[in-house]
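Only one structure is covered here, and it is reproduced in the block below.
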Amino acid sequence: MARSIYVLEDMQVRIDWLKERFPNIDIKWLTSVEQLSEIMKHSTPDDVSLFLLDHDLGGPIFGSSDEGGLTGLDAAKAIDASWSVVPVI
């Protein structure tokens with residue numbers, strides 16, 4: 001089974017950078033905490049190798065938010081304990 005890296009990020013250039021340097025890794029781009037929550041509802045920890053969470057989601061300063069007003073910290077808090085086997089960066 002292919003495992004993916006889910007990246008919560010608001011800048012396309014960072015996603016492009018990751019995909020260029022790791023072409024054989026399935027990188028899934030998420031732009032909101034809501035998308036991350038949906039992934040966790042419809043996937044299992046066996047489907048995911050890593051979560052990368054943007055600390056400045058939606059803006060240039062720490063603590064900024066996505067279009068729903070949620071931050072990377074909110075995303076980290078949304079990850080259920082059953083997902084604790086998946087590393088979060």
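What you see below is based on every heavy atom in this structure, not just the backbone, and it leaves out hydrogens, waters and symmetry mates. If you're wondering where the values come from, they're calculated on a predicted model, not measured in any experiment.
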* Side-chain heavy atoms of I5 within contact of I25, under 4.5 Å -> yes

* Given P87, which of L50, L52, V48 fulfils the side-chain contact (heavy atoms from CB on, under 4.5 Å) condition? -> L50

* Asked: Could you state the interatomic distance from CE (M40) to CG (D80), rounded to the nearest 0.5 Å?
  -> 7.5 Å

* Please check if I79 and V7 belong to a single hydrophobic cluster, counting links between Ile, Leu, Val, Met, Phe, Trp and Tyr side chain heavy atoms closer than 4.5 Å. => no

* Asked: Once you round to the nearest 0.5 Å, how far does CD of Q12 lie from CH2 of W29?
  -> 4.0 Å

* Report the distance from atom OG of S4 to atom CD1 of I27, rounding to the nearest 0.5 Å. => 9.5 Å

* Asked: Hey, does I39 have a side-chain heavy atom less than 4.5 Å from the side chain of Q35?
  -> no

* Asked: Honestly curious: do F22 and I15 fall in one hydrophobic cluster under the side-chain, below-4.5 Å linking rule?
  -> yes

* Can you name the salt bridge (Lys or Arg N to Asp or Glu O under 4.0 Å) partners of K41, sequence neighbours left out? -> E38

* To do: Supply the atom-to-atom distance Y6 OH to L53 CG, rounded to the nearest 0.5 angstrom.
  => 13.5 Å

* To do: For side-chain contact (heavy atoms from CB on, under 4.5 Å), just list the numbers for L30 and L36, CA-CA rounded to whole Å, side-chain angles, deciding distance to a tenth of an Å, and then say yes or no.
  => CA-CA 7 Å; L30 310 173; L36 178 67; 3.9 Å; yes

* Salt bridge present between R14 and D16 (N-O < 4.0 angstrom) -> no

* Non-hydrogen side-chain atoms of D46 and V85 separated by less than 4.5 Å -> no

* Structure fact -> Taking every heavy atom of P45 against every heavy atom of S82, the minimum-distance pair comes out as CG-O, 3.5 Å

* Asked: Going only through I, L, V, M, F, W and Y residues with side-chain contacts under 4.5 Å, is there a path from L8 to L18?
  -> no

* Beyond-backbone contact of F51 with I89, side-chain heavy atoms, under 4.5 angstrom -> no

* Quick one: NZ on K19 to CG on D26, what's the gap to the nearest 0.5 Å? -> 8.0 Å

